[in-house]
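Read the structure below first, then the notes.
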Amino acid sequence: MASISLQHIYKIYPGDVTAVKDFNLEIADKEFIILVGPSGCGKSTTLRMIAGLEEISKGELYIGDRLVNDVPPKDRDIAMVFQNYALYPHMTVYKNMAFGLELRKTPKDEIDKRVREAAKVLDIEHLLDRKPKALSGGQRQRVALGRAMVRNPAVFLLDEPLSNLDAKLRTSMRTEIIKLHQKLATTFIYVTHDQTEAMTMGDRIVVMKDGIIQQVDTPQHLYDLPCNMFVAGFIGSPQMNFLDATLNKDGNTYWIDLSGDKIVLPAEKTADGKLDAYVGKTVKAGVRPEDIKDDEEFVAKHSDCKLTATVEVSELMGSEIYLYLDYKGNKLTARVAPTSKAKNGSEVVVSFDPHKVHLFDPETEVTILN
């Protein structure tokens, strides 16, 4: 049983520098939790506090039912996988994986059994006699995972473990870590700044900024129902388009003025009257690039949301094209089909589904319509 409870956790460094502020999170047993955010947002610091490598300035940390604020790392029943793998260069793969167990005076036959079992799961049995310098990045990563696995920890902590790998290997190792989580059925806490990793791997994602939790939710909910502009812009690639708009109301119909173009908002999204406070005011409108299309059938279907823009750059990505558009001085990105005829410098008519429009308060950046 390895649920984790972080209650009002702070990390304050000398000089009154607060790296993590009032961090509250309940992590269920066997859950795969991702901490994501830009560099310097406090996600690795939080992980290191869970590991016991950083002291907690304020707050309480429970692993299971045990308060572990003052428990040394070796007694917390956790294992950590670092970004740089942290393997001992003078030891073979076998010795690297066995070393932690030897320190704990585990019987030799038990060590051998655990190391060989982990090596089999990770497909590194043929590497047990090699030294780390004779291994590729992906193989070193597997050894680091294996070294954590043999200890049968209640909690796995992974700090940007894939950031040193190339793109293709990152994708395959992502799959391996997901399979490993399913096989081991233990709690995983994974830190990354890569939102693709976060979206594909986690049961829930914790989005952080400046040491503060912005939103905790499932990947799909974060994507569909962001709580503010930061989360909306951080989750999704390329990031959401944000445009200045004025909110208006005729009778029961709400619409936004986008640089002179009128976009009527769906009645079912605005029926609660929450937008009334913003009528006549400037708001931020958000539309994801994948919701902006240029094919004739789509544009005809959503002719009330048409915009005419100039193509600045067209990037063929293979299965799709990214169009970087200039719309009346605003920058827009659209993800369109590879059959798109749009060319650099040409005018293009694009459209979007009004159900996909998000609205934000320009001052607080809080979501007012999803």
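- By the 4.5 Å side-chain criterion applied to Ile, Leu, Val, Met, Phe, Trp and Tyr, Y324 is assigned to a cluster that also includes V313, M317, Y322.
- Taking Ile, Leu, Val, Met, Phe, Trp and Tyr as hydrophobic and joining them when side-chain heavy atoms fall under 4.5 Å apart, one finds V264 in a cluster with W255.
- Remark: K21 NZ is loosely packed, at most 12 non-hydrogen atoms of other residues, nucleotides or ligands lying under 6.0 Å away.
- No side-chain N or O of Y190 forms a donor-acceptor pair with one of D159 less than 3.5 Å apart.
- Look at R204 and E31 and you find a salt bridge, because one of the NZ, NE, NH1 or NH2 atoms lies within 4.0 Å of a carboxylate O, short of that distance.
- Alongside V299, the hydrophobic cluster contains V349 (criterion: ILVMFWY side chains under 4.5 Å).
- Between the D29 side chain and the T187 main chain, no donor and acceptor come within less than 3.5 Å of each other.
- Applying the ring pair (Phe, Tyr, Trp, His ring centres under 6.0 Å) rule to pairs touching residues 133-186 yields F32-H181, F156-F188, H181-F188, sequence neighbours excluded.
- Applying the ring pair (Phe, Tyr, Trp, His ring centres under 6.0 Å) rule to pairs touching residues 327-363 yields F242-F360, sequence neighbours excluded.
- Looking at D272, its side chain does come within 3.5 Å of a backbone N or O of K274 through a donor-acceptor pair.
- Checking side-chain atoms of T200 against main-chain N and O of E197 turns up a donor-acceptor pair under 3.5 Å.
- Within the structure, ring pair (Phe, Tyr, Trp, His ring centres under 6.0 Å) contacts touching residues 101-143 (residues at least two apart or in different chains) do not occur.
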Report task. Dump the intermediate steps for salt bridge (Lys or Arg N to Asp or Glu O under 4.0 Å) on K108 and E102, then the final yes or no. Result -> CA-CA 8 Å; K108 270 206 164 55; E102 287 171 357; over 6 Å; no

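- For residues 57-87, the set of pairs meeting the ring pair (Phe, Tyr, Trp, His ring centres under 6.0 Å) definition, not counting sequence neighbours, is empty.
- The closest side-chain donor-acceptor pair between N228 and Q214 falls under 3.5 angstrom.
- R142 and D123 are not joined by a salt bridge, as no carboxylate oxygen comes within less than 4.0 angstrom of a charged side-chain nitrogen.
- Applying the salt bridge (Lys or Arg N to Asp or Glu O under 4.0 Å) test to E296 and every residue at least two apart in sequence or in another chain returns nothing.
- Side-chain N or O atoms of T367 include none that pairs as donor or acceptor with a backbone N or O of L369 at under 3.5 Å.
- Applying the salt bridge (charged side-chain N to carboxylate O under 4.0 Å, His left out) definition to pairs two or more places apart or across chains, those involving residues 331-359 are E290-R335, E312-K331, E320-R335, D326-K331.
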**Report entry** Step-by-step side chain to side chain donor-acceptor pair (under 3.5 Å) determination, E160 to H193
**Finding:** CA-CA 8 Å; E160 305 222 11; H193 62 270; 2.8 Å; yes

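- Taking the charged nitrogens against the carboxylate oxygens, E117 and R114 have no contact shorter than 4.0 Å, which rules out a salt bridge.
- Nearest heavy-atom pair across V150 and M97 is CG2-O, 3.2 Å.
- Summarising the local packing, NZ of K328 is surrounded by more than 12 heavy atoms from other residues, nucleotides or ligands at distances under 6.0 Å.
- Looking only at distances, a side-chain donor or acceptor of K43 sits under 3.5 Å from a matching main-chain atom of P38.
- Residue-environment remark: CD (E268) exceeds the threshold of 12 foreign heavy atoms within 6.0 Å.
- For F234, the ring-ring contact (aromatic ring centres under 6.0 Å, His included) test picks out F230, with sequence neighbours left out.
- By the 4.0 Å N-to-carboxylate-O rule, E125 lies too far from R116 to be salt-bridged with it.
- Within the 4.5 Å cutoff, the side chain of T218 has no heavy atoms near those of the I205 side chain.
- Not a single side-chain contact (heavy atoms from CB on, under 4.5 Å) links N252 to another residue, sequence neighbours left out.
- Through side-chain heavy atoms spaced under 4.5 Å, either directly or across other Ile, Leu, Val, Met, Phe, Trp or Tyr residues, I12 is tied to Y10.
- A salt bridge links D276 to K249: at least one charged side-chain nitrogen sits closer than 4.0 Å to a carboxylate oxygen.
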